[in-house]
Amino acid sequence: MKESKRLTMTVVTRFAPSPTGFLHIGGARTALFNYLYAKHTGGKFLLRIEDTDRERSKQDAVDAIISGMKWLGLDCDGDPISQFERAGRHAEVAHDLLAQGKAYKCYCTPEELSAQRATAKAEGKPMRYNGMWRDRDQSEAPDGVDPVIRIKAEQTGATTIEDKIQGSVTVSHAEIDDFVILRGDGTPTYMLAVVVDDHDMGITHVVRGDDHLTNTFRQMQIYSALGWDKPTFAHMPLLHGADGKKLSKRHGALGIEAYRDMGFLPEAVNNYLLRLGWSHGDDEIISREQAIEWFDLGDVGKGAARFDMDKLTSLNAHYIREASNDRLTDMTWPFIEEKLEGKTSSGGRDWVLNGMNSLKDRAKNMLELAESAEFYARPRPLEMNPKALKMLSEEGIENLKQFRAILSDVTDWTGENLNATAKQFGEDAGVKMGKIAQPLRAALTGTNVSPGVFEVMSILGKTESLGRIDDALNAQTLNN
RNA sequence: GACCCCUUCGUCUAGAGGCCUAGGACACCGCAUUUUCAUUGCGGCAACACGGGUUCAAAUCCCGUAGGGGUCACCA
């Protein structure tokens with residue numbers, strides 16, 4: 001019965017970050033997997049902000065998380081839920097448990113407990129609350145202490161969960177103490193809040209980092225006491241830095257917006273994150289649509305993965321090549337305008353757009369793309385970088401001058417024809433192509449690296465091309 | 001320390017007892033193409049942590065060992 005019900009039940013997943021900072025790359029991966037699983041099953045993907053710790057929760061962080069998810073295209077169903085705002089409900093559940101005798105008030109002070117903990121640690125024993133108030137009469141309660149509410153955890157037996165990723169995992173109840181569910185000030189602890197919220201939100205699949213795996217067994221105690229259905233769990237392996245150590249804020253974990261600022265495209269980040277821990281045979285380039293179709297929790301690996309910038313970069317280069325010229329130009333142009341302080345040539349934007357096909361083959365990220373596109377937008381006369389200057393040696397200038405003369409008579413100003421013209425000139429003059437193309441490149445772009453010079457000339461058009469060549473010839477004549 | 005999880009090329013991974021003299025991708029190294037830089041194509045280097053079992057047969061199953069990670073709060 002239960003099984004058939006589950007089969008037809010709509011899947012509901014959630015991403016539940018705490019707003020203590022930016023959306024870091026590991027969190028983004030968790031969000032992605034939750035999103036993908038929900039979409040794969042035709043279910044819902046919800047966002048819950050775990051902001052019960054008022055000291056550490058910041059509105060800035062909430063905004064950063066939401067904008068990061070938006071950038072990645074991980075849209076959640078419905079409005080984000082604030083856990084803090086549900087504190088009343090959490091307290092209600094705790095008191096319910098209290099009334100049913102499944103939880104009890106504990107009057108130990110934090111000081112007493114930390115003293116106990118210190119002793120336990122000194123003796124090399126694990127700190128577990130000893131249950132001193134579990135069966136103690138309330139009349140013995142000391143004055144002036146706000147009690148916490150602790151759950152009456154099972155003391156014998158064990159709990160086994162069938163984790164979708166980790167498989168069957170069992171923990172003995174001897175490992176679980178009567179932990180606090182409601183603090184002295186009446187606010188819920190994380191353990192209570194997650195369980196109540198996941199239940200109330202109708203979460204069917206809890207997909208989270210495996211740092212929560214052992215917590216799950218504590219949460220199971222709450223589910224049992226409440227008599228609630230338990231969701232299916234899937235604990236995904238954590239992300240490590242390039243050195244194999246856990247990724248943390250002070251250790252290589254950057255906010256998702258940092259990757260955007262480094263010039264990564266969201267589809268590249270998505271594809272990269274997807275392949276970290278999940279795979280579908282030998283497939284590497286996987287679109288969002290394809291990912292939704294293929295993704296399943298059973299295909300997630302168990303081992304932790306290291307973050308590899310090189311692979312992300314290569315994926316990014318791939319997606320830049322796939323992106324439309326319009327989109328790339330829209331993204332690139334603001335960088336160019338800023339760099340040139342608004343002083344761009346009038347045809348600049350069109351030239352960048354028209355040259356995009358070959359510019360994008362050469363870029364690993366958007367910053368590089370903007371940089372390599374810049375020469376199209378620079379106003380005349382172009383500044384020459386040192387290597388360009390070197391190509392405009394006496395010999396280079398001489399070749400350029402001769403070729404310039406031929407160029408003025410060219411009417412069919414296409415890359416193809418310009419190329420053929422240069423070849424012919426080279427043969428006639430006994431000059432190698434490189435000796436013609438390199439000085440030309442310098443004159444046209446001010447640099448030593450660019451797309452094919454004849455393509456550049458055709459995009460720039462005859463007037464601009466000849467103008468740039470003349471600028472170079474004049475400048476060198478003055479210098480020499 | 002206790003408990004839990006993990007372990008295939010440098011990295012991400014394929015692999016669900018014979019198809020594996022272990023496949024793909026990134027990185028790296030060659031070669032080809034070439035007006036620079038890229039792209040592209042081809043080729044190369046390179047791994048089943050270790051030790052015991054089980055089996056006709058193990059990267060795949062079992063048990064140890066080692067290494068790595070996680071959790072042990074009135075944080076989330």
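Letters A, B, ... are given to chains in the order of the sequence lines, protein chains preceding strands, and every chain is numbered from 1. Please read these numbers as outputs of a predicted model, since none were measured by experiment.
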For a quick test of reading the model: is some side-chain N or O of A:K364 closer than 4.0 Å to OP1 or OP2 of B:rU39? yes
Short side-chain N/O contact from A:R275 to OP1 or OP2 of B:rU11, under 4.0 Å: no
Partner nucleotide of B:rU36 by Watson-Crick or wobble geometry (both distances under 3.5 Å): none
Is the distance between the ring centroids of A:Y319 and A:F264 under 6.0 Å? no
Heavy-atom check, side chain of A:E464 versus side chain of A:L444, under 4.5 Å: no
So if I take every side-chain heavy atom of A:D361 and compare against B:rC74, B:rU35, B:rU39, which nucleotide ends up nearest? B:rU39
Non-hydrogen atoms of A:L239 and A:L276 that approach each other most closely: CD1-CD2, 3.3 Å
A:R86 and A:D200 ion-paired at < 4.0 Å: yes
Say you pick atom C1' in B:rU36 and the same atom in B:rC26; how far apart are they, in whole Å? 26 Å
Atom C1', compared across B:rC5 and B:rC9: separation rounded to whole Å: 24 Å
Which of B:rC26, B:rC37, B:rU71 is nearest the side chain of A:R362? It is B:rC37
Euclidean distance, atom CG of residue A:N448 to atom P of B:rA38 [Å, nearest integer]: 11 Å
Considering just the side-chain nitrogens and oxygens of A:T52, establish if one lies under 4.0 Å of OP1 or OP2 belonging to B:rA76. yes
Same-atom distance (C1') from B:rU60 to B:rG18, integer angstrom: 11 Å
Strictly by Watson-Crick or wobble contacts shorter than 3.5 Å, is anything paired with B:rG10, and which nucleotide is it? B:rC26
Proximity to the side chain of A:D211 - top-ranked nucleotide from B:rA25, B:rG70, B:rC5: B:rG70
How would you label the contact of A:E55 with the nucleic acid (heavy atoms, under 4.0 Å): base, sugar-phosphate, or nothing? nothing
Give none if B:rC31 has no partner; otherwise give the nucleotide forming a Watson-Crick or G-U wobble pair with it, both distances under 3.5 Å. B:rG41
In whole Å, what is the span from the CD atom of A:Q166 to the C1' atom of B:rC4? 10 Å
Using a distance-only criterion (donor-acceptor N/O pair, under 3.5 Å, no hydrogens), is the base of B:rA25 paired with the side chain of A:D283? no
Taking only the side-chain heavy atoms of A:V453 (C-beta and beyond), determine which of B:rC26, B:rC4, B:rU35 contains the nearest atom. B:rU35
Determine the interatomic distance between C1' on B:rA49 and the same-named atom on B:rG10; round to the nearest Å. 16 Å
Euclidean distance for P, B:rC29 against B:rC45 (whole angstrom): 16 Å
Quick check, are the ring centers of A:Y107 and A:W133 under 6.0 angstrom apart? yes
Measuring only the C1' atom in each nucleotide, how far is B:rU13 from B:rU8? A whole number of Å is fine. 9 Å
Taking only the side-chain nitrogens and oxygens of A:T189, find out if one of them lies under 4.0 Å from OP1 or OP2 of B:rC74. no
Closest of B:rA25, B:rA38, B:rU35 to the A:E284 side chain is B:rA25
Taking any heavy-atom pair under 4.0 Å as a contact, classify A:C106: base, sugar-phosphate, or nothing. nothing
A:R56 CZ to B:rA76 P: how many Å, rounded? 8 Å
Closest of B:rC12, B:rA76, B:rU40 to the A:R321 side chain is B:rU40
Just compare B:rU36, B:rC72, B:rA2 and give me whichever is closest to any side-chain atom of A:R218. B:rC72
Between CG of A:L239 and P of B:rG68 the distance, given in whole Å, is 19 Å
In the strands shown, is B:rG17 matched to any nucleotide by a Watson-Crick or G-U wobble pair with both distances under 3.5 Å, and which? none
Atom CZ of A:R441 and atom P of B:rU34: how far apart are they, to the nearest Å? 15 Å
When you measure from the side chain of A:S279, which nucleotide among B:rC3, B:rU13, B:rA76 comes out closest? B:rU13
Pair assignment for B:rA46, Watson-Crick or G-U wobble, requiring both distances under 3.5 Å: none
A:L213 CG to B:rA76 P: how many Å, rounded? 20 Å
Roughly how many Å apart are B:rA58 and B:rA22, using the C1' atom of each and rounding to a whole number? 13 Å
Can you tell me whether the side chain of A:K302 and the base of B:rC5 have a donor-acceptor pair closer than 3.5 Å? no
How is A:R54 classified with respect to the nucleic acid when contacts are heavy atoms under 4.0 Å: base, sugar-phosphate, or nothing? nothing
Go through the N and O atoms of the side chain of A:D282 and the base of B:rG23, and report whether any donor-acceptor pair is under 3.5 Å. yes
Pairwise P distance for B:rA38 and B:rG30, with rounding to whole Å: 13 Å
Report which part of the nucleic acid A:G209 touches: base, sugar-phosphate, or nothing (heavy-atom distance under 4.0 Å, all strands). nothing
A:D308 atom CG is separated from B:rA25 atom P, nearest whole Å, by 15 Å
State the pairing partner of B:rC61; accept Watson-Crick or G-U wobble contacts with both distances under 3.5 Å, and report none otherwise. B:rG53
A:E267 with A:R288: basic N within carboxylate O range, under 4.0 Å: no
Is there a Watson-Crick or G-U wobble partner for B:rA2 with both distances under 3.5 Å, and which nucleotide is it? B:rU71
If you only use heavy atoms from C-beta on, which nucleotide in B:rU39, B:rA76, B:rG68 is closest to the side chain of A:H240? B:rG68
Whole Å only: how far is the CG atom of A:D185 from the P atom of B:rA73? 19 Å
Does a side-chain heavy-atom distance below 4.5 Å link A:V62 with A:D51? no
Heavy-atom side-chain proximity of A:L273 to A:F33 below 4.5 angstrom: no
